[in-house]
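Any value given below was found using the heavy atoms of this structure, including those in side chains, with hydrogens, waters and symmetry copies removed.
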Amino acid sequence: MTNLLILVSHSQTITEGLKELLETMVPDDHNTFSVIAAGGTDDGEIGTSVNKITEAIFANTDKEIFIFTDMGSAVLSAETALDFVEDDLKAHVHLVEGPFVEGAYVGAVQSTINRTPDQILEAIKEQS
């Protein structure tokens with residue numbers, strides 16, 4: 001199964017930069033993961049967007065989804081987005097507790113070696 005990493009930060013620039021870093025540093029010859037930068041508000045300001053997160057989830061219902069957040073309201077926005085997700089899909093969405101940059105990097109690497117969702121979350125937890 002392909003994994004999706006959703007990056008949620010108060011800054012669109014930060015999520016786009018982390019997406020670029022992951023796609024550059026973690027070769028993915030077998031399309032085992034993809035990354036969506038969901039930073040900033042809907043109008044490009046500093047803040048977070050429940051809409052960006054829910055759109056990413058609903059556009060990728062065939063994937064195992066890992067949501068990485070930077071702090072504070074990014075976590076709240078991700079939790080709110082999950083309130084709009086049906087239970088059968090929610091079972092495949094993981095709100096990651098761990099460091100934003102390092103956690104996303106470990107998530108990408110673990111995806112390329114076909115780890116289960118629980119193994120990926122455990123590897124990320126070890127980075128904390």
Side-chain angles (χ1 to χ4, degrees):
M1 176 177 275
T2 301
N3 295 325
L4 172 67
L5 312 180
I6 301 175
L7 308 175
V8 182
S9 170
H10 291 74
S11 168
Q12 182 174 344
T13 303
I14 287 174
T15 59
E16 289 172 353
L18 181 53
K19 178 180 188 228
E20 178 185 22
L21 179 75
L22 296 175
E23 292 174 345
T24 302
M25 291 186 63
V26 184
D28 186 20
D29 299 329
H30 302 289
N31 297 317
T32 56
F33 76 94
S34 57
V35 182
I36 292 180
T41 63
D42 293 334
D43 58 355
E45 298 295 323
I46 295 293
T48 58
S49 168
V50 172
N51 290 336
K52 285 185 178 185
I53 301 165
T54 55
E55 286 174 8
I57 292 170
F58 290 130
N60 292 280
T61 58
D62 60 332
K63 295 179 171 66
E64 202 70 28
I65 299 171
F66 297 86
I67 303 173
F68 297 86
T69 59
D70 62 357
M71 63 186 149
S73 66
V75 176
L76 295 174
S77 291
E79 290 172 341
T80 301
L82 289 175
D83 289 340
F84 295 101
V85 177
E86 298 289 329
D87 287 341
D88 57 332
L89 176 56
K90 195 180 292 187
H92 297 281
V93 180
H94 312 277
L95 182 53
V96 178
E97 293 182 29
F100 185 60
V101 175
E102 295 89 342
Y105 177 78
V106 170
V109 169
Q110 293 294 310
S111 293
T112 65
I113 53 177
N114 295 316
R115 298 290 189 190
T116 66
D118 288 339
Q119 289 171 322
I120 292 171
L121 293 170
E122 184 61 34
I124 293 167
K125 186 178 179 181
E126 291 175 6
Q127 295 301 306
S128 298

[X] versus [Y], closest heavy-atom pair with distance:
X	Y	result
S111	N3	OG-ND2, 2.9 Å
A74	H10	N-CE1, 3.7 Å
D70	S9	OD2-OG, 2.6 Å
S73	T48	O-OG1, 3.5 Å
G39	K52	O-NZ, 2.6 Å
S77	V50	O-CG2, 3.7 Å

Is [X] linked to [Y] within one hydrophobic cluster, defined over Ile, Leu, Val, Met, Phe, Trp and Tyr using a side-chain heavy-atom separation of less than 4.5 Å?
X	Y	answer
I67	L5	no
I65	V106	no
V101	V109	yes
I120	L18	yes
F68	V93	no

So how far is it from [X] [atom1] to [Y] [atom2], rounded to the nearest 0.5 Å?
X	Y	atom1	atom2	result
I57	E86	CD1	CD	12.5 Å
L4	I36	CG	CD1	4.5 Å
L82	L89	CG	CG	9.0 Å
T32	E64	OG1	CD	13.0 Å
L7	F100	CG	CZ	5.0 Å
I113	H30	CD1	NE2	12.5 Å

Got a donor-acceptor contact below 3.5 angstrom from the T61 side chain to the F58 backbone?
no
Any chance you could lay out the side-chain contact (heavy atoms from CB on, under 4.5 Å) test for V85 and T54, step after step, and finish with the verdict?
CA-CA 8 Å; V85 177; T54 55; 5.5 Å; no
Candidates L21, I124, L22 - the one meeting side-chain contact (heavy atoms from CB on, under 4.5 Å) with Y105
L22
Under 3.5 Å side-chain donor-acceptor pair for T41 and D43
yes
Non-hydrogen side-chain atoms of N31 and T2 separated by less than 4.5 Å:
no
Considering only residues two or more places apart or on different chains, which pairs with a residue in residues 9-30 satisfy salt bridge (charged side-chain N to carboxylate O under 4.0 Å, His left out)?
K19-E23
side-chain contact (heavy atoms from CB on, under 4.5 Å) between V8 and T15, worked out:
CA-CA 7 Å; V8 182; T15 59; 5.9 Å; no
Check whether more than 12 heavy atoms from other residues, nucleotides or ligands sit under 6.0 Å from atom NZ of K90, and answer yes or no.
yes
